[in-house]
Peer 1: 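Let me give you the structure first, and then I'll get to my questions.
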Number of protein chains: 4
Amino acid sequence: METQKSVKAIDPGERIQSAALGLFIRKGITGTTTKEIAKKAGVSEGSIYNYFESKGDLAYKLFVRYMDEFRGELQEKASSVTGPAEKLSAAVRAFFGFAEKEPDAYAYIMIGHYTELRKMPDDKKKPRDIFVEIIGEGVREGVFRGMDENMGAAFVIGMITRAILFRTSGMLDTPYGELVEETASSSMRVLGFNNGQHPAGTAER
Amino acid sequence: METQKSVKAIDPGERIQSAALGLFIRKGITGTTTKEIAKKAGVSEGSIYNYFESKGDLAYKLFVRYMDEFRGELQEKASSVTGPAEKLSAAVRAFFGFAEKEPDAYAYIMIGHYTELRKMPDDKKKPRDIFVEIIGEGVREGVFRGMDENMGAAFVIGMITRAILFRTSGMLDTPYGELVEETASSSMRVLGFNNGQHPAGTAER
Amino acid sequence: METQKSVKAIDPGERIQSAALGLFIRKGITGTTTKEIAKKAGVSEGSIYNYFESKGDLAYKLFVRYMDEFRGELQEKASSVTGPAEKLSAAVRAFFGFAEKEPDAYAYIMIGHYTELRKMPDDKKKPRDIFVEIIGEGVREGVFRGMDENMGAAFVIGMITRAILFRTSGMLDTPYGELVEETASSSMRVLGFNNGQHPAGTAER
Amino acid sequence: METQKSVKAIDPGERIQSAALGLFIRKGITGTTTKEIAKKAGVSEGSIYNYFESKGDLAYKLFVRYMDEFRGELQEKASSVTGPAEKLSAAVRAFFGFAEKEPDAYAYIMIGHYTELRKMPDDKKKPRDIFVEIIGEGVREGVFRGMDENMGAAFVIGMITRAILFRTSGMLDTPYGELVEETASSSMRVLGFNNGQHPAGTAER
DNA sequence: AATGAATGAGAGTTCATTCAT
DNA sequence: AATGAATGAACTCTCATTCAT
């Protein structure tokens, strides 16, 4: 009963991260002040520094955290099925699923590629690696047409992210479920998926 | 013969824009100081304000300028051929062409979508509109499979931009020409291009 | 046998003072944080305030404590012999002795004259008073030449402190014992000590 | 006529240094805020940074400037006469002269030895070197008794600085001129100066 | 007595913008 | 048009001190 008194009682470090995430995606990292973060999180400005070394550290930790979470979900969903086509479909769905479930975290990850975060080194496995592996496997097994797996991953990820971007910014009003299915099947077309019946490259369905 | 006395003689406004572009893509807009711009452009800090209202105005004008230029090239190339498939191919090539010829401008446009510039309203025609129109036309003519033209544009643009991003960041070493061709043909696959022989949706080639 | 259980068992107030002394002389009072003191002393930051009113109070108490200790040693050594010359020699030796035995405390006292501590009023007897008294006595007894006792004290203390400073900072490599003797005899020269044979002040000039 | 409009017209960099010097010696470097310096100098806080890289840089530049000036005066005065005894006397007088003419600069130099400045590396010639050279020369020429020149310098400088300190802090009311003469002649006593009549070292002990 | 998270005033510093020249 | 010194608001970050536990 003492475990959780009120909403204010949850870990300040968590509240700071949550507040920062919302501000970062709306105003950018540099465009967000520590004063704003503190106010939104309901803590003092100085408190931020009890949990993070600097604003940059906070931004970076947030990035790594959500990248890991995102990659983890992709991995988990892809691992739960067998076969390159099934894995790819699962990964596409998980991608959309994450963007739908945690839109702020998703937006932050996307922004990260184009801002200060981009230069932050990371030798950890990234979401894209999941796609590269699945496609590589599919190509080797003859399920997908012969193509560079990195290029295939670029195509698939590109389609997904732009579809989400178009939808988020109101340029596309296709219902969510339909968009997911269309993106998944379009990915199959790009990869020359042949349903396993005969050599890749034919793809009639 | 008065057209170009020396490098210092060209329009200061031009030099300022050129300097700013390079700095903006490397350090971000907020991360770039007017002092740096002035120094790189070889003008005084105060001079910037004789040509632009503020740093934000400079950033915005740069964005609009290159967006226009980019869209213009896409338009021009697409208009020079006939038929949706040909137009689309031309647009895809022009997209890559612009990114190759003016990498800084291209990078700036891409970054713009995710930073301060994003909020800048624009009712002008954008690069994406070119794709939407071409695809819409192709769908109506039965050359492409039946699909939402905005979704199709999202897919195609997504493939192109990610392919360029992967290549630029060294994750993909496919030769330039080959990448262009692969992207163009993959776009056709996604759009269910049937070579004009029979109803879209079959796509064997 | 309860006197000293473990190093952690000794009085926290003592540990705090010891930690503070080391930090103060290396980084200055303002340059030392309470967090550092607490860490080095092995206590919590808050604990400091159970023993001292403030950081300034801690700095001041340290200063007074060592000033007293220093003056006490000078006094004690000087009192143990008779005659101005002997007393002065003893005081000079005690001065060097203190600097050698408790270099941190000595350094802190020296620094104190030039920093925040300087303004702290003190009507207590100070080390310099020992010298003033001895010299005044010597002058009145005709053992030293006629001179202002305060001036004489300034000269003697100046020689001692600079000699120690030069030695501590590596500018002087005279062995310790020799330096003490040289300083003591040089003090005698300055004070015109005539070995008691004939009236002081002989040194015609 | 335009050269000097008003007192406010003199170089802001100079006004900043002057204001900082006064504050630094009264409150210490860390104890002085940039806000105070700016206010006293009659400039904006930001202006300080048009002239100095940081508060530390300002403090350091001030230190070097006055050290150079001080050493220069000692050198100049010592060079204007011949013979070790005369040179030493001149140096002692110049030392007192500088402290009298520029008490703030003198105080700042003294404080510098005990604060942040102390760690600032300096391979330049320092005031003390003047004394070391003169004494070394005197010892070699037999004008002063045989002694380590560094030790001799420590004694002489110690006497001078303490005499000034005692006088400045009101512990000594000897008139200025007399104090200078007494310090000069006492220095001669310490160095065993024999008036040139017979070999140094005569002072049997 | 002991703790250490929380505080918030205030520090040094940056920088877009202005304006007298 | 061009300059660049001056500005001052706003920033990030520090740290002595407090206080609920």
Peer 1: Quickly work out the Lys39(B) NZ to dA2(F) P distance and round it to whole Å.
Peer 2: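 Rounded to whole Å, this separation is 20 Å.
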Peer 1: Can you measure Asp11(B) atom CG to dA2(F) atom C1' for me and round it to whole angstrom units?
Peer 2: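 Whole-Å distance recorded here is 14 Å.
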Peer 1: Looking at Glu14(A) and Arg65(A), is any side-chain nitrogen of the basic one under 4.0 Å from a carboxylate oxygen of the acidic one?
Peer 2: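 Yes, Arg65(A) and Glu14(A) are salt-bridged.
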Peer 1: Between Thr115(B) (side chain) and Ile111(B) (backbone), is there a donor-acceptor pair under 3.5 Å?
Peer 2: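 Checked: pair present.
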Peer 1: Would you find a donor on one side and an acceptor on the other, under 3.5 Å apart, between the side chain of Thr34(A) and the backbone of Glu45(A)?
Peer 2: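 Not confirmed, Thr34(A) side chain does not pair with Glu45(A) backbone.
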Peer 1: Please say whether more than 12 non-hydrogen atoms of neighbouring residues, nucleotides or ligands are located less than 6.0 Å from CD in Glu53(B).
Peer 2: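 At most 12 heavy atoms, drawn from other residues, nucleotides or ligands, come within 6.0 Å of this atom.
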Peer 1: With both distances under 3.5 angstrom, what nucleotide forms a Watson-Crick or G-U wobble pair with dA20(E)?
Peer 2: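 By the stated definition (distances under 3.5 Å), dT3(F) pairs with dA20(E).
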Peer 1: Whole angstroms only, please: what is the CD1-P distance between Ile37(C) and dG4(E)?
Peer 2: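 Whole-Å distance recorded here is 17 Å.
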Peer 1: Within the 4.0 Å limit for protein heavy atoms, which parts of nucleotides 7-14 of chain E are touched? Write it as a string from 5' to 3', B for base, S for sugar-phosphate only, - for none.
Peer 2: BB--SBBB
Peer 1: With both distances under 3.5 angstrom, what nucleotide forms a Watson-Crick or G-U wobble pair with dA9(E)?
Peer 2: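 With both distances under 3.5 Å, dA9(E) matches dT14(F).
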Peer 1: To the nearest Å, how far apart are Phe52(C) CZ and dA1(E) C1'?
Peer 2: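 One finds 15 Å between C1' of dA1(E) and CZ of Phe52(C), rounded.
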Peer 1: Would you indicate, yes or no, if dA1(F) has its OP1 or OP2 atom less than 4.0 angstrom from a side-chain nitrogen or oxygen of Tyr51(B)?
Peer 2: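 For dA1(F), neither OP1 nor OP2 has a side-chain N or O of Tyr51(B) closer than 4.0 Å.
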Peer 1: Are the side chain of Tyr108(A) and the backbone of Ala59(A) linked by a donor-acceptor contact shorter than 3.5 Å?
Peer 2: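 Yes, because the side chain of Tyr108(A) sits within donor-acceptor range (under 3.5 Å) of the backbone of Ala59(A).
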Peer 1: Closer than 4.0 angstrom, basic N to acidic O: yes or no for Asp57(B) and Lys61(B)?
Peer 2: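 So Asp57(B) pairs with Lys61(B) through a salt bridge.
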Peer 1: Write down the partner of dC15(E) under the Watson-Crick or G-U wobble criteria, each distance required to be under 3.5 Å.
Peer 2: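 Checking every strand shown, dC15(E) finds its partner in dG8(F), with both distances under 3.5 Å.
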Peer 1: Find the distance Leu23(C):CG to dC15(F):P and express it as a whole number of Å.
Peer 2: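 Result: 13 Å.
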